[in-house]
Each structure stands twice: as C-alpha cells, then as structure tokens.
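Note sheet for the following structure.
Here is how names work: the chains are called A, B, and so on, in the same order as the sequence lines, proteins then strands, and each is numbered from 1. Only a predicted model underlies this, so the values are computations on that prediction, with no experimental measurement involved.
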Amino acid sequence: MNPKKLFKELYSVYGLQNWWPVTGKEKTIPEYKKRTKLTEKQKLEICFGAILTQNTSWKNVEKAIIELNKENLINAEKIVLIKKQKLAELIKSVGYFNQKAVYLKEFCKHLEKFNYSLNSFFAVFDLRKELLSVKGIGKETADSILLYSVQKPFFVVDAYTKRIMERITGKEENDYDKLQGFFHSRLEHDALLFNEFHALFVEHAKNFCRKKPLCSNCFLKKQCFHGKQFILK
DNA sequence: CGCCAGGGCCTCA
DNA sequence: TGAGGCCATGGC
C-alpha cells in the first residue's frame, strides 16, 4: 500500500477539502499548496474546533463556533472569564457541552502563562507534549491543533483513518502512534499534504467507507483487501 | 425508533 | 495497557 498514491486517488476524486477555519475563510483556493496565512484568531478558532468536534459531527460544531463568534468569544481571555454555565449554553449544539466547556476553559487557562498569545504558546519546544498535558486534549486533538492551527506536519489519526486503513490492508491496528508512524515514515513531512490527506480520509469514510461500507461502488476496491471480494467476476 | 458523528477522561482490573 | 462506562446534541 502506497500512501502517496492513495492520496492522489482520493484527491483526484474529491478535490480540495478546504477545512478550517470557519470564520474569515477564503472563497476560492486553487490548490492545496496555496493556502493563505492564518490570523491568530483563526488559529484559536481551529483549536476550539478541534476540541469541540471530539466524537461530534462537524455541522454541530460549526453552529457552536458561529455562536461563539457572534459574542466575540473566539478570545482566550474572555473564555477564561465567562461562566462555565454560560459557555456550555453557547456550545450546546456540540453535545457533551458540560465537559467541552471545561476543556475550552482549561485550554485557554493554559494560554494565560503565555499572556494569551497563541503564537508564543506555539513556540514552546515540545508543544505536543504540552498540549497533551491539558485536560481534554488527547493525541488526536493535539495533532489536529498541531497540523491545522500550528501548521506543522503531524498526521492526524482518527476513527476514519483506522477504519479505512484496516480495510485496505486487512490488518487491524489500534495503536495511535504506530498508525501515525506508518504515514510519517512513508510521506514527505508536508503540513499541507497531511492536512488534505486527513480531510480526504474523512470524506471517503462518509461517501463509501462507512461502518456499513459501500464497496461495490467504491473506486478503491481493486486495491482494498476488504473491497476485493466485491469485484464481480 | 436506533445509529452515528472530524474523542477523551476516569475507574478498575 | 486495555476494556468499559460516561458524556449529549442533531441529522438521518
């Protein structure tokens, strides 16, 4: 299995995914390699989104982010000060709102040490380790922040990635670090590549590689261990 | 009605 | 270190 080839096939079918951020998004971006610089506010919004989307559909997260933006709460200092109850109400649409209100506050409180400057926080030596020390940030959320907000090449492994890879290779691998290592060792460490790749996995999982997969119509079935059995002979 | 979504924490072996 | 319970809304 060649990951680069897989990327090209997915990209040729689904095209640019243009994930993140929600606010102030560019309307037309011709290629995945030409993405504009993010503002500090957009970077913070991405961090919030990474936390809010834990086990939650993105549609519900967008609603919450728009609500927060209306109140000018894409702002770490303000999140620290707002009442937990009030914050939970604003993000109600994401589900798990009591937990996630705490998680957002924990993250923003961590930024206090950096005078609420996301850019200085992002400059710490072992940022991944520090992100993981924040309550509410696990490996996937940390890597999402590192990839989409910090824009450093950390491959994000989610449930979709595991499922698609399990079906393609025919081997189950639940270890996050091993799965991430697979991509890190076989792809150039390019944040924009990892960015689009992860988004394309999500898109493919929604279109074909669902829990109940639609193998017979899937364009990857010839090279997929699980999909091969659905090729008509 | 059931199932699932761009997971993580806590507890208990 | 791994399995299981818990968190909870909204779309289909």
Side-chain angles (χ1 to χ4, degrees), chain A residues 7 10-11 14-23 25 32 42-43 45-68 84-110 128-151 154-167 172-180 183 191-214:
Chain A
F7 171 77
L10 291 170
Y11 187 74
Y14 300 116
L16 186 72
Q17 297 304 300
N18 198 19
W19 270 23
W20 272 330
V22 173
T23 59
K25 183 148 50 174
Y32 78 90
Q42 287 177 318
K43 291 180 186 176
E45 183 224 291
I46 293 168
C47 296
F48 287 4
I51 292 168
L52 293 176
T53 197
Q54 290 167 1
N55 203 34
T56 298
S57 67
W58 180 249
K59 277 261 176 187
N60 292 356
V61 177
E62 267 191 336
K63 283 185 195 168
I65 288 175
I66 289 166
E67 285 304 306
L68 291 176
K84 193 199 306 178
Q85 185 78 11
K86 172 75 176 165
L87 181 56
E89 279 173 34
L90 286 166
I91 63 170
K92 179 165 161 275
S93 64
V94 302
Y96 313 127
F97 43 79
N98 288 316
Q99 278 190 0
K100 287 174 181 176
V102 173
Y103 294 171
L104 287 182
K105 286 176 84 63
E106 288 283 330
F107 177 72
C108 291
K109 192 163 186 175
H110 198 86
R128 188 172 194 268
K129 188 175 175 186
E130 190 147 338
L131 282 166
L132 289 173
S133 75
V134 179
K135 183 177 179 181
I137 298 183
K139 288 178 181 175
E140 185 184 335
T141 306
D143 287 333
S144 293
I145 290 171
L146 287 164
L147 180 58
Y148 288 96
S149 187
V150 190
Q151 299 177 295
F154 288 80
F155 202 94
V156 176
V157 176
D158 62 357
Y160 293 143
T161 309
K162 288 179 189 169
R163 185 163 77 209
I164 292 173
M165 291 305 291
E166 180 181 336
R167 291 200 177 128
E172 188 173 359
E173 178 56 81
N174 284 316
D175 188 282
Y176 188 100
D177 299 322
K178 284 185 182 172
L179 214 36
Q180 184 180 57
F183 292 100
L192 290 172
L193 171 64
F194 288 7
N195 176 329
E196 283 305 315
F197 208 149
H198 177 241
L200 287 166
F201 267 144
V202 172
E203 193 59 22
H204 188 60
K206 286 178 179 170
N207 284 285
F208 294 100
C209 211
R210 303 175 182 174
K211 259 200 165 169
K212 287 184 178 178
L214 305 175

Could you check whether any side-chain N or O of [X] sits under 3.5 Å from a backbone N or O of [Y], counting only pairs where one atom can act as donor and the other as acceptor?
X	Y	answer
A:Ser93	A:Asn60	yes
A:Tyr103	A:Ile137	no
A:Glu67	A:Ile91	no
A:Thr56	A:Gln54	yes

[atom1] of [X] versus [atom2] of [N]: gap in Å, rounded?
X	N	atom1	atom2	value
A:Leu104	B:dG8	CG	P	14 Å
A:Tyr176	B:dC9	OH	P	13 Å
A:Asp158	B:dA5	CG	C1'	11 Å
A:Glu106	B:dC9	CD	C1'	12 Å
A:Phe107	B:dG7	CZ	P	18 Å
A:Lys92	C:dC7	NZ	P	17 Å
A:Lys211	B:dA5	NZ	C1'	10 Å
A:Asn60	C:dG11	CG	P	6 Å

Inset, instruction - Using the closest heavy atom to pick a nucleotide of DNA chain B for each, name whichever of A:Ala142 or A:Ser57 lands nearer the 5' end. - result: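 The residue closer to the strand's 5' end, by nearest nucleotide, is A:Ser57.
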Just call it for [X]: base, sugar-phosphate, or nothing, with non-hydrogen atoms closer than 4.0 Å on any strand.
X	value
A:Ile51	nothing
A:Tyr103	sugar-phosphate
A:Lys139	sugar-phosphate

Residue [X], side-chain heavy atoms: nucleotide from [options] that is nearest:
X	options	result
A:Asn98	B:dG8, C:dA8, B:dG6	C:dA8
A:Gln54	B:dC9, B:dG7, B:dA5	B:dG7
A:Gln99	C:dG10, B:dG6, B:dG8	B:dG8
A:Glu140	B:dG7, C:dT9, B:dA5	B:dG7
A:Lys63	C:dG10, B:dG6, B:dG7	C:dG10
A:Tyr96	B:dC9, B:dA5, C:dA8	C:dA8
A:Arg163	B:dA5, B:dG6, B:dG8	B:dA5
A:Phe97	B:dG6, C:dA8, B:dG8	C:dA8

Legend entry - Parallel, tilted or perpendicular: rings of A:Phe208 and A:His204 (30°, 60°):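 Judged by the thresholds at 30° and 60°, the geometry between A:His204 and A:Phe208 is tilted.
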Inset, instruction - Answer yes if the side chains of A:His110 and A:Glu130 hold a donor-acceptor pair under 3.5 Å, and no otherwise. - result: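 Their side chains do contain a donor-acceptor pair, which is all the 3.5 Å distance test asks for.
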Inset, instruction - Report the base-pairing partner of C:dC12 (Watson-Crick or G-U wobble, both distances below 3.5 angstrom), or none. - result: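 Across all strands, the one nucleotide that pairs with C:dC12 is B:dG2.
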Would you please confirm or rule out a distance under 4.0 Å between OP1 or OP2 of [N] and any side-chain N or O of [X]?
X	N	answer
A:Thr141	B:dG8	yes
A:Lys135	B:dC10	yes
A:Lys206	B:dG6	yes

Inset, instruction - Report the residue from A:Leu146, A:Ile145, A:Thr161, A:Leu147 that forms a side-chain contact (heavy atoms from CB on, under 4.5 Å) with A:Val156. - result: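 Going through A:Leu146, A:Ile145, A:Thr161, A:Leu147 one by one, the side-chain contact (heavy atoms from CB on, under 4.5 Å) with A:Val156 is satisfied by A:Leu147 alone.
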Sticking with atom [atom1], work out how far [N] lies from [M], rounded to a whole angstrom.
N	M	atom1	value
B:dC1	C:dG10	C1'	15 Å
C:dG4	B:dG6	P	24 Å
C:dA3	B:dA5	C1'	22 Å

Inset, instruction - Nearest-nucleotide wise, let me know which of A:Lys59 and A:Asn55 is further upstream toward the 5' end of DNA chain C. - result: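 It is A:Asn55 whose nearest nucleotide is closer to the 5' end.
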Inset, instruction - Would you say whether A:Trp58 stacks on B:dG6? The test is a distance between ring centres of less than 5.5 Å and an angle between planes of less than 30°. - result: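 Check passed, A:Trp58 stacks on base of B:dG6.
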